[in-house]
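Below is one structure, written out as structure tokens; comments come after it.
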Amino acid sequence: MRILVVEDELGVAQFVKQGLCEAGHAVDVVRDGLDGLSYAQAVNYDVIILDIMLPKMNGLDMLREIRDQRNKTPVLLLTARDGVDDRVQGLDSGADDYLVKPFAFPELLARVRALLRRPPMQTNTLLQSADLELDTASREVRRAGQIIELSPREFSLLELLLRHPNQVLTRTQIIEHVWNFNFYSDTKVVDVYIGYLRRKIDDGFGSTLIHTIRGVGYRLSAEKNNA
Ligand code: CA
């Protein structure tokens with residue numbers, strides 16, 4: 001898994017990086033909050049390990065900033081022993097867990113494993129893939145910040161795809177979830193609606209999100225289709 005460590009104390013940073021690398025993770029280390037922010041924006045990390053006392057921008061401000069940008073990467077805060085307020089503020093600002101310094105490395109590793117086991121954070125009504133967002137409460141859909149009007153059926157289809165990112169859904173599965181009953185024995189209706197959806201959410205945008213898996217079905221993914 002790809003992990004970002006934001007820690008200005010060289011000794012701690014090196015010790016954490018080495019341990020995580022030995023556990024098989026790919027680790028980037030940065031030394032201040034501003035670099036942390038730009039790395040977190042540039043790379044889709046699986047976990048961020050974030051110190052609070054940092055130069056340039058402190059960890060809590062960095063955390064609020066990435067959560068404001070709807071970055072849902074699990075964050076493990078590193079806090080001082082007497083930093084009760086920091087821990088409370090940190091958890092309220094969207095941290096998933098914290099660890100008090102000094103800590104034993106096996107505990108850090110266990111907390112990282114626990115964070116990696118969690119399903120993606122679903123604290124709100126927003127489903128996302130890359131720059132595509134669907135709000136299940138307001139029923140708004142946006143791509144690259146631009147509002148996209150969908151019919152109710154197109155909306156349901158997109159919601160289904162977004163709830164199963166990177167997973168191939170067969171035409172039959174899609175029919176069962178979007179059309180509710182087997183009225184349409186002809187699964188071609190799925191291809192027709194996928195076509196409508198593509199024209200609205202993919203055409204004219206830089207990258208393709210809906211991928212056809214020949215002979216199987218469809219997959220929504222921000223990654224390039226290797227099929
Ligand atoms: Ca520090």
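Note that these values count all heavy atoms, side chains included, but never hydrogens, waters or copies made by symmetry. In each ligand, atom 1 is the first atom listed, and ligand 1 is the first ligand listed.
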- Task: Compute whether any side-chain donor of one residue and acceptor of the other, for Asp28 and Tyr45, lie under 3.5 angstrom apart.
- Result: yes
- Task: Compute whether any side-chain donor of one residue and acceptor of the other, for Gln14 and Gln18, lie under 3.5 angstrom apart.
- Result: no
- Message: Salt bridge check, Asp96 against Arg67: does any charged N sit closer than 4.0 Å to a carboxylate O?
- Response: yes
- Contacts of the Ca ion (ligand 1) with protein N/O/S atoms, counting only those under 3.0 Å: Asp8 OD1, Asp51 OD2, Met53 O
- Task: For the pair Asp191 and Lys188, find out whether any cationic side-chain nitrogen is under 4.0 Å from an anionic carboxylate oxygen.
- Result: no
- Where at least one partner belongs to residues 48-58, residue pairs that pass salt bridge (charged side-chain N to carboxylate O under 4.0 Å, His left out), sequence neighbours excluded: Asp32-Lys56, Asp51-Lys101
- Item | Ion pair check, Asp46 and Arg2, cut-off under 4.0 Å | no
